[in-house]
Undergrad: 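What follows is a structure written as structure tokens; I'll ask about it next.
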2 protein chains.
Amino acid sequence: MTSVLVCDDSPLAREALRRAVATVPGVERVTTATNGEEVLRRWATDRSDLILMDVRMPGLGGVETVRRLLSADPGARIIMLTVAEDLDGVALAVAAGARGYLHKDASRAELRATVAQALADPTWRLAPRRLRAAEMGAAPTLTAREIQVLEGMSHGRSNAEIGRELFLSEDTVKTHARRLFKKLGASDRAHAVALGFRWGLVR
Amino acid sequence: MTSVLVCDDSPLAREALRRAVATVPGVERVTTATNGEEVLRRWATDRSDLILMDVRMPGLGGVETVRRLLSADPGARIIMLTVAEDLDGVALAVAAGARGYLHKDASRAELRATVAQALADPTWRLAPRRLRAAEMGAAPTLTAREIQVLEGMSHGRSNAEIGRELFLSEDTVKTHARRLFKKLGASDRAHAVALGFRWGLVR
DNA sequence: GGATCCGTAACTCTTTCGAGTGACCCTCGT
DNA sequence: ACGAGGGTCACTCGAAAGAGTTACGGATCC
């Protein structure tokens with residue numbers, strides 16, 4: 001019984017995807033979900049062979065759902081759906097273990113081909129993307145200090161302010177900053193904060 | 001039947017809070033939840049007189065939960081729990097309609113006093129905090145352009161890069177940046193990105 | 001028919017960031 | 001015993017960012 005789970009918060013997109021996937025040869029059942037929590041709940045009782053999941057969803061986001069799904073079941077096959085603007089999220093999801101991704105404006109044919117491919121070959125996965133950060137499928141590990149600095153940034157503090165707060169010199173804060181940028185693959189502090197949120201490292 | 005719902009993801013904190021609240025005169029029932037989703041689910045069938053909720057929780061965060069709760073039921077009374085570092089989140093939650101907040105290291109007496117106060121007077125609310133952004137209980141309204149700029153920032157792009165991408169001059173991007181900083185109450189782009197995430201304006 | 005907000009753009013000026021580098025000490029694992 | 005990684009600090013330097021200000025056309029709201 002080959003089944004596919006489609007998850008997207010937009011009803012229109014969800015229905016369109018459901019219909020497209022249903023036409024892939026071999027697919028016998030397509031179920032749907034609207035958010036990450038639902039995917040996780042459903043997965044507990046009803047494991048599909050493949051999951052198509054949007055990167056940006058309300059509540060539990062795609063990246064975090066991938067992480068939880070794979071920690072519960074490392075064999076889960078997941079393909080991310082995305083729009084052009086989500087490149088970071090896609091990269092993170094793939095790094096976290098998603099098998100690949102599809103542009104939402106990919107043609108129906110591409111979609112079907114990718115799904116068919118993923119179903120036919122259980123080991124199929126995108127050529128590992130050259131990610132600046134973690135290739136390892138887990139969130140980059142930041143040290144306690146680095147997280148403190150990242151949190152300071154997320155509260156709008158300057159390096160000097162963070163230093164004063166943590167009783168460090170500004171130069172030291174900068175060193176931590178550079179290191180955490182590198183770990184996260186961030187190009188500047190705003191990016192680092194964004195990645196911190198996407199990875200769930202800060203709130 | 002006076003009942004209070006306590007929500008915190010830490011089992012220790014949850015239990016401690018539960019016990020403290022249970023000793024407040026008049027409180028007959030204390031229920032618990034571990035995250036925002038659970039609060040929302042529970043609220044649908046079982047409305048407590050007061051909710052104590054942590055600002056930072058896995059999955060659906062405190063601020064967003066407050067928003068959803070109040071849009072479902074504007075009469076819900078919510079007090080946020082927080083640690084010192086969450087001041088932004090608290091401010092946002094109060095702006096979103098939470099009645100007040102409590103430091104997690106507040107004394108048991110303070111906690112009980114605040115809960116008793118909130119239960120005794122249904123209109124009780126903290127003196128409206130002087131928020132730099134929205135006082136209105138809704139997310140600051142950013143224009144489409146401002147959101148595009150904010151998203152660019154969250155992807156680590158410089159103002160010049162954002163300008164190229166949107167066919168704008170760098171100066172124009174800076175103007176949008178300054179305006180959105182002001183609306184969000186952000187002190188720099190990293191802070192703006194963080195607030196964007198906390199408000200759910202970007203992902 | 002002003003007032004207000006938005007989108008666009010340019011100008012100056014100061015502060016901050018971030019890259020690059022080097023260095024010292026400590027701890028932990030091998 | 002050595003290296004790797006972490007935490008600390010310092011120095012330079014160029015590139016951004018952000019504040020402040022001005023401006024003009026269009027939309028929208030009283």
Side-chain angles (χ1 to χ4, degrees), chain A residues 88 131-136 138-197 199 201-202, chain B residues 88 131-136 138-197 199 201-202:
Chain A
D88 287 330
L131 297 176
R132 292 145 307 184
E135 315 254 0
M136 303 315 300
T141 307
L142 298 194
T143 66
R145 268 291 192 239
E146 287 162 351
I147 288 193
Q148 287 177 315
V149 170
L150 183 57
E151 278 176 344
M153 290 179 181
S154 84
H155 290 296
R157 306 203 224 292
S158 69
N159 290 333
E161 283 170 332
I162 295 171
R164 256 170 268 139
E165 199 170 31
L166 300 178
F167 304 104
L168 299 176
S169 80
E170 183 180 347
D171 281 315
T172 300
V173 175
K174 283 187 172 189
T175 301
H176 291 306
R178 255 180 303 109
R179 288 181 182 163
L180 76 90
F181 289 171
K182 181 155 197 172
K183 285 184 181 177
L184 291 173
S187 51
D188 59 36
R189 52 181 47 216
H191 197 196
V193 166
L195 294 168
F197 272 91
W199 278 115
L201 299 170
V202 293
Chain B
D88 287 332
L131 298 177
R132 292 145 308 187
E135 315 255 359
M136 305 314 301
T141 308
L142 299 194
T143 66
R145 267 294 191 239
E146 286 162 351
I147 288 191
Q148 286 177 316
V149 170
L150 183 57
E151 278 176 345
M153 290 177 182
S154 83
H155 290 297
R157 304 200 225 295
S158 69
N159 290 333
E161 284 171 329
I162 295 171
R164 257 170 265 138
E165 199 169 31
L166 300 178
F167 304 105
L168 298 175
S169 79
E170 183 180 347
D171 283 317
T172 300
V173 174
K174 283 189 173 187
T175 300
H176 290 306
R178 255 178 306 108
R179 287 182 182 165
L180 78 89
F181 289 171
K182 181 151 196 178
K183 284 184 181 176
L184 291 173
S187 52
D188 58 37
R189 52 179 50 218
H191 197 196
V193 166
L195 293 169
F197 272 91
W199 277 115
L201 298 170
V202 294

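Being a predicted model, the structure only gives us computed values, none of them experimental. Throughout, a chain's letter reflects where its sequence line sits, starting with A, and its residues are numbered from 1.
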Undergrad: Of the listed nucleotides (C:dC17, C:dC6, C:dA10), which one gets closest to any side-chain atom of B:K183?
TA: C:dC6
Undergrad: Tell me whether the side-chain N/O atoms of B:T143 come closer than 4.0 Å to OP1 or OP2 in C:dG7.
TA: yes
Undergrad: Below 4.5 Å, heavy atoms only, C-beta onward: do B:L168 and B:R145 meet side chain to side chain?
TA: yes
Undergrad: Can you figure out which of C:dG7, C:dA9, D:dA10 approaches the side chain of A:S169 most closely?
TA: D:dA10
Undergrad: Rounded to the Å, how far apart are B:E170 CD and D:dG18 P?
TA: 11 Å
Undergrad: Roughly, in whole Å, what's the span from CG in A:L180 to C1' in C:dC17?
TA: 13 Å
Undergrad: When the distance from CZ of A:R189 to P of D:dA17 is rounded to whole Å, what number comes out?
TA: 12 Å
Undergrad: Distance check needed: D:dA17 C1' versus B:E161 CD, whole Å only.
TA: 13 Å
Undergrad: Using the side-chain heavy atoms of A:S158, tell me which of these nucleotides is nearest: D:dA10, C:dC17, C:dC6.
TA: C:dC17
Undergrad: Nearest to the side chain of B:F181, which nucleotide is it out of D:dA19, C:dT8, D:dT8?
TA: D:dA19
Undergrad: Hey, what do you get for OG (B:S169) to CZ (B:R164), rounding to the nearest 0.5 Å?
TA: 12.0 Å
Undergrad: A:M153 CE to C:dT16 C1': how many Å, rounded?
TA: 12 Å
Undergrad: Is the shortest heavy-atom distance from the side chain of A:F181 to the side chain of A:R189 under 4.5 Å?
TA: yes
Undergrad: Which nucleotide wins on minimum distance to the side chain of B:E146, given the candidates D:dA16, D:dG18, C:dG7?
TA: C:dG7
Undergrad: From the options C:dT8, D:dA10, D:dG18, select the nucleotide whose nearest atom is closest to the side chain of B:H176.
TA: C:dT8
Undergrad: Heavy atoms from C-beta onward define the side chain here; which of C:dC17, D:dT8, D:dA17 lies closest to that of A:N159?
TA: C:dC17
Undergrad: Classify the nucleic acid contact of B:T172 as base, sugar-phosphate or nothing, counting any heavy atom under 4.0 Å across all strands shown.
TA: base
Undergrad: On DNA chain C, nearest-nucleotide positions of A:A160 versus B:R179: which is more 5'?
TA: B:R179
Undergrad: Are any of the side-chain nitrogens in A:E146 or A:R179 under 4.0 Å away from the carboxylate oxygens of its partner?
TA: no
Undergrad: Categorize A:R178 for me: base, sugar-phosphate, or nothing, with a 4.0 angstrom heavy-atom threshold over every strand shown.
TA: base
Undergrad: What is the distance, rounded to the nearest whole Å, between atom CG of A:D188 and atom P of D:dA16?
TA: 11 Å
Undergrad: To the nearest 0.5 Å, how far apart are NE2 in A:H191 and NE2 in B:H155?
TA: 7.5 Å
Undergrad: Roughly, in whole Å, what's the span from NZ in A:K174 to C1' in C:dT15?
TA: 11 Å
Undergrad: D:dG7, D:dA17, C:dA9: which one has an atom nearest the side-chain heavy atoms of B:D171?
TA: C:dA9
Undergrad: Mind calculating the distance between CG (A:L184) and P (C:dG18) to the nearest angstrom?
TA: 13 Å
